[in-house]
Amino acid sequence: MPEIVRKPPLLATPLHTLIVGSRVLVYEEVTSTNDRALQLRGHGIVVVADRQTAGRGRHGRSWASAPGLGLWFSIGFDGPCEGLAFAAPLSVRDVLNTYGYAAVKWPNDVLLNGKKVCGILLESRRNRTALGIGINVHHQAADFPEELHAKATSIELATGHCVDRGTLLRDVLTSLDARVVSLRDGRLDAIHAEWSDACGAVGRRVRYRDRVGTVRALDRDGALLVETDRGIERVLLGEIVELNGA
Ligand code: BTN
């Protein structure tokens with residue numbers, strides 16, 4: 001099927017950002033907005049799609065991206081852009097706090113009133129980075145498979161707010177831009193500290209691979225530093241981890 005680039009009704013007026021949103025392309029349908037962001041050129045280019053036919057999540061999972069229900073978008077950057085994995089969940093959390101109680105869950109999920117409302121997927125290829133963000137906006141309980149009912153939510157389901165997706169996109173891009181500019185200006189340490197604090201992981205018991213331990217810190221690359229009976233071990237961003245209460 002040919003790709004149709006629509007005139008963007010989603011963002012009716014220009015964004016006032018420095019890096020994020022240098023161009024905004026709105027599609028009816030793509031395989032994955034991350035694919036397009038990796039293929040296209042442009043630092044800060046945004047790709048939004050109403051529907052993804054092969055939306056993907058972390059750990060090789062698929063990401064359900066039905067039309068009309070969510071906000072599925074990616075931002076393409078030149079180069080590796082250290083710190084995006086910290087900046088993105090903080091920015092989404094700040095915006096979602098307008099609607100309910102939003103929190104960052106390690107490594108970069110965002111919860112709304114305790115359930116996952118946003119997933120973030122960072123991918124790199126040939127000196128290009130795609131920061132993919134999926135936010136569940138209008139889903140009702142029946143839109144999620146049974147096994148996700150206890151874990152997943154949408155803004156509307158969690159808070160009753162029927163949020164305009166264009167407004168949400170604008171707010172997230174604006175918030176993210178401020179942090180991306182901070183990263184460009186060398187403030188990685190501050191953003192890392194904010195993210196580390198927001199995750200609330202330090203002091204929690206954690207289960208990973210065949211081990212258990214207590215999180216003592218979050219490393220500069222996002223890994224958990226876990227104290228076990230074998231000493232301090234690093235648990236990487238890509239690993240499946242079960243964090244328990246403090
Ligand atoms: C996760 O929690 O597993 C990450 C989900 C990331 C989903 C978003 S939707 C926009 C972008 N395009 C994709 O194919 N994935 C990300």
Side-chain angles (χ1 to χ4, degrees), residues 3 8 10-11 20-21 24-40 44-77 81 84-93 95-96 102-112 114-125 128-139 143-145 147-148 150-155 158 163 165-166 168-173 176 195 198-199 201 222 236-243:
E3 287 173 336
L10 209 56
L11 288 174
V20 174
V24 180
L25 299 178
V26 184
Y27 293 86
E28 294 279 359
E29 178 181 297
V30 292
T31 51
S32 155
T33 54
N34 267 24
D35 290 340
R36 293 301 289 140
L38 288 168
Q39 287 157 2
L40 292 163
I45 193 170
V46 174
V47 176
V48 194
D50 197 39
R51 174 167 63 234
Q52 300 185 111
T53 54
R56 52 184 181 267
R58 297 198 315 267
H59 311 301
R61 295 186 187 120
S62 64
W63 179 264
S65 321
L69 293 184
L71 186 58
W72 326 123
F73 66 105
S74 301
I75 304 123
F77 296 95
C81 301
L84 289 176
F86 313 141
L90 289 170
S91 297
V92 174
R93 177 208 59 183
V95 172
L96 296 189
V104 176
K105 179 172 177 238
W106 184 89
N108 47 26
D109 288 343
V110 181
L111 309 182
L112 193 57
K115 294 184 183 178
K116 179 164 171 170
V117 72
C118 168
I120 292 171
L121 179 68
L122 204 53
E123 296 180 304
S124 294
R125 241 176 258 160
R128 185 98 182 130
T129 299
L131 171 62
I133 301 179
I135 304 177
N136 300 329
V137 182
H138 297 302
H139 299 64
D143 295 314
F144 293 109
E147 65 273 17
L148 289 185
K151 294 185 198 161
T153 195
S154 71
I155 299 176
V163 178
R165 286 182 296 162
L168 184 64
L169 178 64
R170 171 182 298 280
D171 290 349
V172 172
L173 295 179
L176 182 62
W195 168 79
C199 286
L236 299 174
L237 274 179
E239 297 191 57
I240 296 177
V241 169
E242 203 182 303
L243 278 168

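Every number for a ligand or one of its atoms is a count from 1 in the order of the listing. All values reported here derive from a predicted model rather than from experimental measurement.
Nearest to atom 8 (C) of ligand 1 among the protein's heavy atoms is G134 N, 3.6 Å. Among protein heavy atoms, atom 15 (N) of ligand 1 sits closest to R56 O, 2.7 Å. The nearest heavy-atom contact from the protein to atom 9 (S) of ligand 1 is Q52 NE2, 3.4 Å. For atom 5 (C) of ligand 1, the closest non-hydrogen atom on the protein side is W63 CE3, 3.3 Å.
Listed here is the closest heavy atom pair of V163 and H138: O-CE1, 3.1 Å. Minimum heavy-atom separation, I133 to C118: CG2-SG, 3.8 Å. Contact between A102 and L96 at its shortest, heavy atoms only, is CB-CB, 3.8 Å.
If you run side-chain contact (heavy atoms from CB on, under 4.5 Å) between I120 and each of I135, L131, L84, only L131 comes through.
Which of V30, T33, I75, L122 comes nearest to atom 11 (C) of ligand 1 through a heavy atom is settled by distance: it is T33. If you check each of R58, K116, E123 against atom 2 (O) of ligand 1, the one with the closest non-hydrogen atom is K116.
Under 4.0 angstrom from ligand 1, there are no non-hydrogen atoms of D35. Here S74 has side-chain heavy atoms under 4.0 Å from ligand 1, and that is the only part of it that gets that close.
Less than 4.0 angstrom separates some heavy atom of D109 from each of these atoms of ligand 1: 2 (O). Shown in contact with G55 at under 4.0 Å from a heavy atom are these atoms of ligand 1, numbered in order with element: 14 (O). Ligand 1 places these atoms under 4.0 Å from at least one heavy atom of S32: 12 (N), 13 (C), 14 (O). Atoms of ligand 1 found under 4.0 Å from any heavy atom of G57 (numbered from 1 in listed order, with element): 1 (C), 3 (O), 4 (C), 5 (C).
The pair D109-R93 does not count as a salt bridge, with every side-chain nitrogen at least 4.0 angstrom from each carboxylate oxygen.
A perpendicular orientation is assigned to the rings of H139 and W72, their planes being inclined by more than 60° (bins at 30° and 60°).
There is a side-chain donor-acceptor pair under 3.5 Å between Q52 and T33.
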Review point. Step by step, would you call R56 with D35 a salt bridge (charged side-chain N to carboxylate O under 4.0 Å, His left out)?
Key: CA-CA 10 Å; R56 52 184 181 267; D35 290 340; 2.8 Å; yes

